[in-house]
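Notes to accompany the following structure.
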Amino acid sequence: LALNYLGQGAMVMADPASMRDPFFLMAPEAWRPALVVLATAATIIASQAVISGAYSLTQQAIQLGLLPRLRIIQTSDHFGQIYMPQVNYMLMAGVLLITYSFGSSSALGNAYGVSVIGAMITSSVLAVTAIWKVGKRPLWFAVALMTPFIAIELVFLASNLLKVFSGGVAPLLIASGFILVMWTWVRGSALLHEQTRRDVGLQQLLATLDFSPPRRVRGTAVFLTADEHAAPAALLHNLKHNQVLHEQVILLTVRTAPTPRAPETERFHIEEIRPDVHQVTLTFGFMETPNVVRGLTQARAAGLHFDIMTTSFFLSRRALVPLRKSAMPRWQDLLFIFLARNAASATAFFHIPTSRVVELGAQVAV
C-alpha cells in the first residue's frame, strides 16, 4: 500500500492531469482491463470481510447488552461462522441508499476518507486501553507506544475534516445513529431492570409458599430471570393463573463474561436454595452463542437432577407501554419500546426447544 500510494503521488506530481484517476492510470493502457478485474475482485473480497465483521461485532454488542437480541444462525460447526438476516438486510438497504444518494464512486470518496480515518483513530485509542488494561503495562508506556501512530492519524483527520460538508458527514451521521440506538437500549434496559427489582423478592415468595403451599405437579420447571434476588415474573404469573408449582424448580440466569469465551470450569454455577429449588447461572463469553440446553446438560453432569423430556421452560413476554412521566424523553422511550418489540425471542436466542417453552405475558410501563 505504501509503494502504491507513493507511486500515485509521484505520478501526480510529474503529471497533474493524472489526478483524475491515478490508480488506473499507473498501469499501461493494455493492462487496465486486467487491473479493473483485479480491483473488482478485491472489492468483493473486502465487502465479504466487512459483512462478516458486521455479524461478529453485532453478536458481541448483543452479548454485552449494547443492542437488542437479533436472530443468529450458526452456518457451520466451526466457531464464529454465523449469519444474521436482519443485519444483512440492513446492510443491503444502507448500501443501496448511500449508492443512490451519492450517485458515483468518486462522490463516495469523501465519505470513505472520513470513515477510514475515524476507524483508524478509534483503533489506536482502543489499543492504548488494551495495552494498559489487558496487557497490564503502565499507562505512560501505552501512550508513548501509540502516540506516533495517533499523531499521523490526527494529520489525516485534519485534512479529512475539509471533506465533512462535501459528503463526509454521511459516516458521522451513521455512527451517531448507532450510538443513539446503543445509548437508548442501555438506558432503557437499566430502567426496566430497576422496574423489575420492585417486584416480589425471591425469599419473600418462598416464605409465602411455605405458609400457603400450592399444588405440586410432576416434572421440572425452568424460569429464566435476569435478577437472582427477584422472583421471576413467569413464576409469579404461573402461580397466579395456574395455581401449581412443579416438583423441581430451576431459576436460570444467563450471564455474559467480559471475555471472548468463558472457561468450561466457569460455565455454570449451581446454588441450592432448598431441596426442590435450585438457582443456576450459566456464563458465556461475548463471542459465544448462548445455548441454554447445552449449558444445563453440563450442569446435570455435575449433579443437577432433571430430565429434559419432562422439563418446561417458562418465559415472561413483556408488553412495554410508555409512562406519562418517564425517566427518558418521550422519543427515547418510544425508540426503546420499538427496539424491544422487534428483538428476537428468548427461545430462539438461547436455543431453547420450542416444544418445551411456555410464555406468559405481562404489561410493563417504562
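In what follows, residues are counted from 1 in the order of the sequence shown.
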Between E228 and R255, is the closest basic N to carboxylate O distance under 4.0 Å? yes
Name all residues meeting the ring pair (Phe, Tyr, Trp, His ring centres under 6.0 Å) criterion together with Y83; count only those two or more places apart in sequence or in a different chain, and write none if there are none. Y55
Would you find a donor on one side and an acceptor on the other, under 3.5 Å apart, between the side chain of T220 and the backbone of F306? no
Value rounded to 0.5 Å, distance of CD in E288 from OG1 in T283: 10.0 Å
List for me each residue that meets ring pair (Phe, Tyr, Trp, His ring centres under 6.0 Å) alongside F350, sequence neighbours excluded, and say none if there are none. none
Mind jotting down which residue pairs meet the side-chain hydrogen bond (donor to acceptor under 3.5 Å, both in side chains) criterion with at least one end in residues 121-144? Sequence neighbours excluded, please. S124-E153
Flag yes if more than 12 heavy atoms outside F149 fall under 6.0 Å of its CZ atom; otherwise flag no. no
Please go through V244's hydrophobic cluster and name the other residues, only I, L, V, M, F, W, Y counting, with side-chain heavy atoms under 4.5 Å joining them. V217
Check whether R69 reaches the backbone of A344 with its side chain - one donor and one acceptor, N or O, closer than 3.5 Å. yes
Taking the six-membered ring for Trp and the single ring otherwise, decide whether the centroids of F223 and H246 are under 6.0 Å apart. no
Return the set of residues passing salt bridge (charged side-chain N to carboxylate O under 4.0 Å, His left out) with R294 (not counting sequence neighbours), or none when no residue passes. none
Less than 4.0 Å between a side-chain N and a carboxylate O, is that true for R274 and D210? yes
Residue set satisfying salt bridge (charged side-chain N to carboxylate O under 4.0 Å, His left out) with E29, at least two apart, ordered chain then number -> none
For H305, look at atom NE2 and say whether over 12 heavy atoms of other residues, nucleotides or ligands are found less than 6.0 Å away. no
